[in-house]
Structures are given as structure tokens and as C-alpha cells.
Amino acid sequence: MAKRTLGNWLVSVSMSSICLVANAGEVHSLDQAERENSSSNNQAFSQEQRDGNRWQSPFGMDLPSGVSFGDVISLLSPGIDLQMVTEMGIKKWPYQPDTYIGIVCFRHSKKRHGELPYYLNSPDCRDHDEGSDIALAMLTFKGDKLRLHSKVLTWSGAGRPTLSVNWNHSNLDSPIVLDNGFEGKGSGYLPPDTLMHFDFARYQISDDQVAWGIRAQTVEGYSGGGAEFQSLTLFRMNVDGVLEPILSEPMEFWKDIAGDWHEDGTRDHDVTSGENILMLSRKKHHGYYDLRIKSKDTNWSQTFIWSAQLNGYVAE
């Protein structure tokens with residue numbers, strides 16, 4: 001099953017709690033199933049490939065004046081060969097002046113895709129590939145120079161992925177491979193396949209701190225059909241300048257299960273989907289606002305409160 005993107009995320013963040021998933025339907029051919037999961041992102045990407053346009057990072061390309069991607073790589077991953085970079089990006093942080101978030105994804109293997117670097121030929125940012133690393137940092141641009149604002153957070157697919165998604169409290173359909181989770185069978189934790197893009201909705205987790213997110217994706221292929229699961233991981237910078245993942249939860253799924261064949265060669269497909277949104281509550285624990293993940297179509301919700309011991313959110 002080819003990777004597909006469900007489209008731009010619409011995240012509602014407010015200082016109140018309201019009730020806002022499971023949509024289901026049957027289509028009669030794979031073409032129709034594909035249309036059910038179409039998006040402007042898919043169409044734009046396909047058009048870029050047809051037109052031969054230059055590479056565009058899904059994480060952003062907000063380079064300050066006079067700054068190159070090589071400068072970003074040098075800050076986050078000193079000494080890395082550009083040919084080994086599989087994805088990279090930098091995006092302006094809207095809640096603090098002259099601040100950016102940068103990411104570099106790279107491999108260790110010297111095997112290359114022809115003469116082009118990875119990011120120009122087959123870009124991706126995989127979270128659990130043992131041959132890859134991911135470097136992430138907040139940056140600041142002052143005095144015509146890009147500098148580190150936080151310490152660089154680096155993790156490897158060989159260890160526990162930083163973005164492992166917690167499926168233990170979700171209402172959404174989960175991946176089949178969850179039973180073979182990263183922490184052991186039945187743990188409820190699973191690393192995503194691929195990091196997709198930054199999420200800069202205003203996640204005001206305390207009176208003086210705004211978190212930011214990364215959206216990630218897991219894709220499964222079945223003998224007939226397939227599924228896509230998307231998650232959100234929130235980060236904050238602590239007082240020591242260290243980036244910390246504070247919440248990692250499923251947010252959306254789309255599943256296509258093939259059914260009966262027809263005489264004309266087409267096949268029924270049972271298509272189901274679900275989507276949640278993240279909201280802020282007026283209530284606080286240890287100085288941090290409670291977070292509530294809610295279904296868009298049902299009354300289901302789950303509240304997460306701040307754990308001073310874990311420096312992150314846990315299910316209430």
C-alpha cells in the first residue's frame with residue numbers, strides 16, 4: 001500500500017471543554033476507496049512530481065536571510081555528509097521572536113540512490129529504522145547568525161523511539177502490529193513509521209509556556225486494502241534547555257478492508273475512519289493545564305494531567 005497523507009490537520013485549541021470518531025462506509029472499487037482518502041496535499045505532491053519541481057520539505061523551509069540548509073545541518077548534526085540526509089526542515093516558531101524549530105533526519109549507510117542525496121530522491125524521516133538518526137532543536141536567529149536555542153535532541157531507531165505512541169487510552173482503531181509493540185507484546189506503545197510535519201497550533205500548556213508538536217504516521221498493508229494511523233507528539237523546552245516529549249497519542253486513522261468480489265472484477269471495500277482533537281482545559285495540575293483528547297463525532301474523551309514525577313502528561 002502506498003503512503004498517503006490525510007491532509008492538513010485542523011486542531012481546535014481552546015480554554016474550555018466541549019464534546020466533539022468513527023465514520024464508516026462501503027465503496028465498490030479501490031478507485032473509490034482512494035478518492036475517499038484524497039487530499040490537497042496528495043494532489044500537490046503528485047503535481048510537483050509531474051512538473052519536476054524542486055524538493056520541498058514538509059517540515060518547512062523558513063530559512064533566515066543568509067542561512068543555508070547546510071548551516072542547519074551543521075548545528076544539529078555536525079560532520080554529517082549531506083548525501084546521507086534523508087529529510088530536513090526549519091520552520092519559524094510563531095510564539096517567540098526570532099525562533100525556529102529545525103529537524104535533520106539522516107542515515108548511516110553509504111548506499112545512495114543514484115547520484116542524488118536521499119532527500120532529493122526518496123525523502124523520508126523514519127522513526128524506528130535502525131540505520132537512521134533524527135536530530136531536533138529550537139534555534140534562534142540574532143545578529144545575522146543562526147544559533148542553538150535549546151540543546152539538540154537526537155535519537156536513533158536502534159533505541160526506544162522518542163515518539164513512541166501510547167495506544168492504551170485511545171478510542172481509535174489501532175495497528176495490527178501493536179501486539180508486537182516496541183516495549184514488548186501488549187505494551188500498548190508503538191513507534192510511528194514516519195515523521196510527517198510540525199504542528200504549531202497554540203498548545204498553551206502553562207501560563208508561560210507553549211508546547212509544539214510533530215505529526216507522525218504508521219501505514220499497514222493487508223492482503224486486501226490497508227490502513228493509515230496518525231499521531232501527535234508534543235514537546236517543550238525545560239529550564240535546562242532540554243527538549244522533552246510530554247505527550248504522544250493517536251489522533252486519526254483510516255482503514256480499508258477488502259470484501260466481496262463482483263463479476264465485473266471490482267471489489268467491495270469497507271472503509272472506516274476516526275479523528276480526535278486536542279483541547280485545553282481550565283483545570284491545572286502542578287501548574288500545567290489539563291489536556292483533553294476528544295472524538296469529533298462521539299462523546300468519547302480522555303483527560304491527561306501533568307505528572308511532576310515524569311515531567312509529562314499521563315492519563316487521568
Could you tell me whether the side chain of [Y] reaches within less than 4.5 Å of the side chain of [X], counting heavy atoms only?
X      : Y      : result
Arg236 : Tyr203 : no
Val210 : Arg202 : yes
Tyr189 : Asn168 : yes
Ile176 : Glu220 : yes
Ser307 : Tyr313 : no
Asp71  : Leu63  : no
Pro94  : Phe200 : yes
Pro175 : Leu190 : yes

Path from [X] to [Y] over hydrophobic side-chain contacts below 4.5 Å:
X      : Y      : value
Tyr288 : Ile305 : no
Met61  : Val104 : yes
Leu148 : Leu146 : yes

Next on the checklist: Check for me whether the distance between the ring centres of Phe235 and Trp212 falls short of 6.0 Å.
Outcome noted: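 When the ring centroids of Phe235 and Trp212 are compared, they turn out to be within the sub-6.0 Å range.
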Of all heavy-atom pairs between [X] and [Y], which one has the smallest distance, and what is that distance?
X      : Y      : value
Ser57  : Met88  : OG-O, 2.5 Å
Ser281 : Tyr289 : O-CD2, 3.2 Å
Tyr222 : Ala227 : OH-CB, 3.2 Å
Met251 : Ile293 : SD-CD1, 4.2 Å
Gln209 : Gln204 : O-NE2, 3.5 Å
Leu232 : Gly213 : CD1-CA, 4.0 Å

Atom pair [atom1] ([X]) and [atom2] ([Y]), whose distance is rounded to the nearest 0.5 Å:
X      : Y      : atom1 : atom2 : value
Leu136 : Ile101 : CG    : CD1   : 7.0 Å
Trp167 : Ser248 : CH2   : OG    : 10.5 Å
Lys145 : Arg147 : NZ    : CZ    : 5.5 Å
Lys296 : Thr298 : NZ    : OG1   : 12.5 Å
Thr233 : Leu195 : OG1   : CG    : 8.0 Å
Ile73  : Ile103 : CD1   : CD1   : 12.5 Å

Do [X] side-chain atoms and [Y] backbone N/O form a donor-acceptor pair below 3.5 Å?
X      : Y      : value
Thr140 : Asp98  : yes
Asp62  : Lys92  : yes
Ser206 : Gly287 : no
Thr99  : Pro97  : yes

Next on the checklist: What I want to check is whether the side chains of Asp240 and Asn238 have a donor and an acceptor closer together than 3.5 Å.
Outcome noted: no
Item to check | Between His149 and Gln96: side-chain donor-acceptor atoms closer than 3.5 Å | outcome: yes
Item to check | Non-neighbouring partners of Lys151 that pass side-chain contact (heavy atoms from CB on, under 4.5 Å), sequence neighbours left out | outcome: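 Val242.
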Checklist entry - Name the one of Thr154, Leu153, Leu139 that satisfies side chain to side chain contact (heavy atoms under 4.5 Å, CB included) with Leu76? => result Leu139
Item to check | side-chain contact (heavy atoms from CB on, under 4.5 Å) assessment of Leu234 paired with Asp199 | outcome: CA-CA 9 Å; Leu234 293 184; Asp199 181 341; over 6 Å; no
Checklist entry - Honestly, is Lys91 close enough over Phe59, meaning NZ or CZ under 6.0 Å from the six-membered ring centre and within 45° of the axis? => result no
Checklist entry - Step by step, would you call Leu163 with Trp155 a side-chain contact (heavy atoms from CB on, under 4.5 Å)? => result CA-CA 10 Å; Leu163 277 69; Trp155 68 95; 3.3 Å; yes
Item to check | Plane angle bin for Tyr95 and Trp93 - parallel if under 30°, tilted between 30 and 60°, otherwise perpendicular | outcome: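 Plane angle over 60°, so perpendicular.
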Next on the checklist: Does the plane of the ring in Phe141 sit parallel, tilted or perpendicular to the ring in Tyr100? Use 30° and 60° as the thresholds.
Outcome noted: perpendicular
Next on the checklist: Run the side-chain contact (heavy atoms from CB on, under 4.5 Å) test on Asp256 and Asp270 for me, step by step, so that the C-alpha distance in whole Å, both residues' side-chain angles and the decisive distance to 0.1 Å come before the verdict.
Outcome noted: CA-CA 6 Å; Asp256 166 23; Asp270 292 322; over 6 Å; no
Item to check | Test salt bridge (charged side-chain N to carboxylate O under 4.0 Å, His left out) applied to Lys255 and Asp173, step by step | outcome: CA-CA 9 Å; Lys255 185 179 290 186; Asp173 284 12; 3.5 Å; yes
Next on the checklist: Under 4.0 Å between a side-chain nitrogen and a carboxylate oxygen: does that hold for Lys283 and Asp290?
Outcome noted: no
Item to check | Note: Asp207-Lys284 ion pair, threshold 4.0 Å (strictly below) | outcome: yes
Item to check | Candidate pair Val85 and Phe69, rule side-chain contact (heavy atoms from CB on, under 4.5 Å), full reasoning | outcome: CA-CA 11 Å; Val85 174; Phe69 272 118; over 6 Å; no
Checklist entry - Which residue pairs satisfy the salt bridge (charged side-chain N to carboxylate O under 4.0 Å, His left out) criterion with at least one member in residues 304-316, sequence neighbours excluded? => result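 Those involving residues 304-316 do not exist here.
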